[in-house]
**Student:** 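Sending over a structure as structure tokens; questions will come in a sec.
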Amino acid sequence: AQRVTQPEKLLSVFKGAPVELKCNYSYSGSPELFWYVQYSRQRLQLLLRHISRESIKGFTADLNKGETSFHLKKPFAQEEDSAMYYCALRTNTGFQKLVFGTGTRLLVSP
Amino acid sequence: GAGVSQTPSNKVTEKGKYVELRCDPISGHTALYWYRQSLGQGPEFLIYFQGTGAADDSGLPNDRFFAVRPEGSVSTLKIQRTERGDSAVYLCASSGDFGELFFGEGSRLTVL
């Protein structure tokens, strides 16, 4: 079965510090990985997907199949980055459901 | 509308009652998903529709839960004989050709 693990419930950093939100997955095939974000009082929304290989709001994430990881990184955190971040996996076969991790709350302090 | 709309936003009911939650997806999106999110957890998959049919209902926890999408647009999640453990935020999402899920704001269900 597919599984997504986000080991940190809370990550607290100061503004300007580097950020890395960890995500590991379990899937025997070739998955598609995503990061979704939920800002305070807003709905869950897509931040980035690994196949796009793009940087969104300064965030990047690289799929490491050897380590089965998809960590989210940003070199200099901003206060507006404070939010809940969810890593999600979609299999490349069968149905198109997304499997989510339990989420990491990022708190960026001034 | 511009986004996925869910009603009601909040629902308080008593144990044993029947509840319906409605989702109005983005126009033209053929795929529709229901997720459940309990406190401190990530969204948990319930059911996925492609058009009118349920393509994957493997996440429905038991036969008290049922969902329909009769015309391939609006969907209703139905919960019979509600239990306190059903209390959660029920999220609906829809997606188009590119696979990105667009979520609604959720329906918060509280079972007393």
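Just so we're on the same page: letters track the sequence lines, and every chain starts at 1. Computed from a predicted structure; not experimentally measured.
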**Student:** Find out if a path of hydrophobic residues (ILVMFWY) with successive side-chain heavy-atom gaps under 4.5 Å connects B/V74 to B/Y90.
**Tutor:** no
**Student:** Under a 4.5 Å cut-off applied to non-hydrogen side-chain atoms, are A/Y36 and B/L101 in contact?
**Tutor:** yes
**Student:** Checking the side chain of A/R43 only, and the main-chain atoms of B/G3 only, is there a donor and an acceptor separated by less than 3.5 Å?
**Tutor:** no
**Student:** Looking only at heavy atoms and a cut-off of under 4.5 Å, which of B/A31, B/S95, B/G104 has the most pairs with chain A?
**Tutor:** B/G104
**Student:** Quick check: are there more than 12 heavy atoms from other residues, nucleotides or ligands sitting under 6.0 Å from CZ of A/F14?
**Tutor:** no
**Student:** Calculate, to the nearest 0.5 Å, the distance between atoms CD and CD belonging to B/E105 and A/Q42 respectively.
**Tutor:** 9.0 Å
**Student:** Side chains of B/Q37 and A/Y86: do they bring a donor and an acceptor to under 3.5 Å?
**Tutor:** yes
**Student:** With a 6.0 Å cut-off (strictly less than), is the heavy-atom count around CZ of A/R3, excluding the residue itself, greater than 12?
**Tutor:** no
**Student:** Would you mind checking which part of B/F45 comes under 4.5 Å of any heavy atom in chain A, side chain (CB onward), backbone (N, CA, C, O), both or neither?
**Tutor:** side chain
**Student:** Answer yes or no: does atom CD of A/E80 have more than 12 heavy-atom neighbours from other residues, nucleotides or ligands under 6.0 Å?
**Tutor:** yes
**Student:** Give a yes or no on whether the ring-centroid distance for A/F100 and B/Y35 is below 6.0 angstrom.
**Tutor:** yes
**Student:** Given heavy-atom pairs under 4.5 angstrom as the criterion, report whether the side chain, backbone, both or neither of B/S58 touches chain A.
**Tutor:** side chain
**Student:** Check whether more than 12 heavy atoms from other residues, nucleotides or ligands sit under 6.0 Å from atom CG of A/L10, and answer yes or no.
**Tutor:** yes
**Student:** Going only through I, L, V, M, F, W and Y residues with side-chain contacts under 4.5 Å, is there a path from B/L77 to B/V89?
**Tutor:** no
**Student:** If you count heavy atoms of other groups shown closer than 6.0 angstrom to CZ of A/F76, is the number above 12?
**Tutor:** no
**Student:** Looking at CD of B/E100 and CG of A/L46, how far apart are the two atoms once the value is rounded to the nearest 0.5 Å?
**Tutor:** 4.5 Å
